[in-house]
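Structure record follows, encoded as structure tokens.
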Amino acid sequence: MKANNSKEAKRQLIIDAAVEVFSRNGYHNTKMGEIAAVAGIGKGTIYEYFDSKLQLFQETLKSGIETYFSSLSKEDLEQKSVEEKIRMVVEGHIHFCRQHGQLTKIVFWDAETLDDEVKEWMYQMRKDKEAYMNEFFADAIARGELREMDPYLVTLMVAGIIGSMWAPLVLEKWDIDASKLAEQITDVIMNGIKK
């Protein structure tokens, strides 16, 4: 069991170093040797865990996405109203951006410079998230929590609002209380901006 923990610890060490280097250099300008140096290991050791830079990048993103979604308990979400769910997701996104700023930069800022395989992989991840959100909003409409509307349009609008928050939070270091910001964003989503 201890060897397994050691192997997992080294894998996580590589991922952590990759987040730092990918965030600083971007995907294309990152060299595996630099990741190894930051991790304090030999370059060959990385290849014991990851077949390529692409696979390491994908695993880095997967790790971040798993961290993000694990912070949102499905059991907790199932017991909440649609408004409470939106607020929880928004607040979770704010906390994630602040706690994982480097990883957030990779996901939102470096996307345009990625090769087609990574773009396709990220697009599929986005479509999976959209499908989950679409079902979430369709259920809320069916239960009468939201008025009749196209759940896909609601999905795109809410995802766009949430996704737009990364730059002020990460790049501009916007210092605002996460709960208060989540409440304000949720209010705009649920009630619009009309007086």
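Just so you know, these numbers come straight off a predicted model, no measurement behind them.
With rounding to the nearest 0.5 Å, the separation of CD in Glu84 from CD1 in Ile86 is 11.0 Å. To the nearest 0.5 angstrom, Thr30 atom OG1 is 10.5 Å from Glu20 atom CD. Of the inter-residue distances, the one linking Ile14 atom CD1 with Ile46 atom CD1 reads 5.5 Å to the nearest 0.5 angstrom. Separation of atoms CZ (Phe22) and CG (Asn29) is listed at 11.0 Å; rounding is to 0.5 Å. Note that NZ of Lys10 is 8.0 Å distant from CG of Leu13, once rounded to the nearest 0.5 Å. Note that the CG atom of Leu56 and the CD1 atom of Ile15 stand 7.0 Å from one another [nearest 0.5 Å].
Smallest separation of non-hydrogen atoms from Ala138 and Pro151: N-CB, 3.7 Å. Considering every non-hydrogen atom in both Cys97 and Leu169, the closest pair reads CB-CD1, 4.1 Å. Closest approach of Ala18 to Ile35, counting heavy atoms only: N-CG2, 3.9 Å.
Sorted by first then second residue, the side chain to side chain donor-acceptor pair (under 3.5 Å) pairs that include residues 162-174, not counting sequence neighbours, number zero. Sorted by first and then second residue, the salt bridge (Lys or Arg N to Asp or Glu O under 4.0 Å) pairs with a member in residues 30-42 read Arg24-Glu34; sequence neighbours excluded.
Ile161 and Met149 fall within a single hydrophobic cluster, where Ile, Leu, Val, Met, Phe, Trp and Tyr side chains are chained together by heavy-atom contacts under 4.5 Å. Linking ILVMFWY residues whenever their side-chain heavy atoms come closer than 4.5 Å, directly or via other members, places Val89 and Met190 in the same cluster. The cluster map of Ile, Leu, Val, Met, Phe, Trp and Tyr, joined by side-chain heavy atoms under 4.5 Å apart, puts Val19 and Leu171 in the same cluster.
Residues passing the salt bridge (charged side-chain N to carboxylate O under 4.0 Å, His left out) test with Glu48: none are found, sequence neighbours excluded. Listed by chain and number, the residues in a salt bridge (charged side-chain N to carboxylate O under 4.0 Å, His left out) with Arg143 are Glu145 (sequence neighbours excluded). Among residues two or more places apart in sequence or in another chain, the salt bridge (charged side-chain N to carboxylate O under 4.0 Å, His left out) test is passed with Arg126 by Glu130.
Side chain of Lys53 to backbone of Tyr27: a donor-acceptor contact under 3.5 angstrom is found.
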Table please: side-chain donor-acceptor pairs of residues 176-183 below 3.5 Å, with sequence neighbours left out.
unit_1, atom_1, unit_2, atom_2, d
Asp177, OD2, Ser179, N, 3.2
Asp177, OD2, Lys180, N, 2.8
Ser179, OG, Glu91, OE2, 2.8

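Both tests pass for Lys7 against the ring of Tyr49: distance under 6.0 Å to the centre and angle within 45° of the axis.
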Residues Phe136, Val82; criterion side-chain contact (heavy atoms from CB on, under 4.5 Å); working and verdict: CA-CA 8 Å; Phe136 166 82; Val82 69; 3.9 Å; yes
Quick one, Tyr47 with Met32, criterion side-chain contact (heavy atoms from CB on, under 4.5 Å). Give me CA distance, side-chain angles, the key distance, then yes/no. CA-CA 9 Å; Tyr47 290 103; Met32 294 295 259; 3.3 Å; yes
Do Arg87 and Lys80 pass the side-chain contact (heavy atoms from CB on, under 4.5 Å) test, and can you show the C-alpha distance, the side-chain angles, and the key distance before you say yes or no? CA-CA 10 Å; Arg87 187 195 49 73; Lys80 307 289 183 187; over 6 Å; no
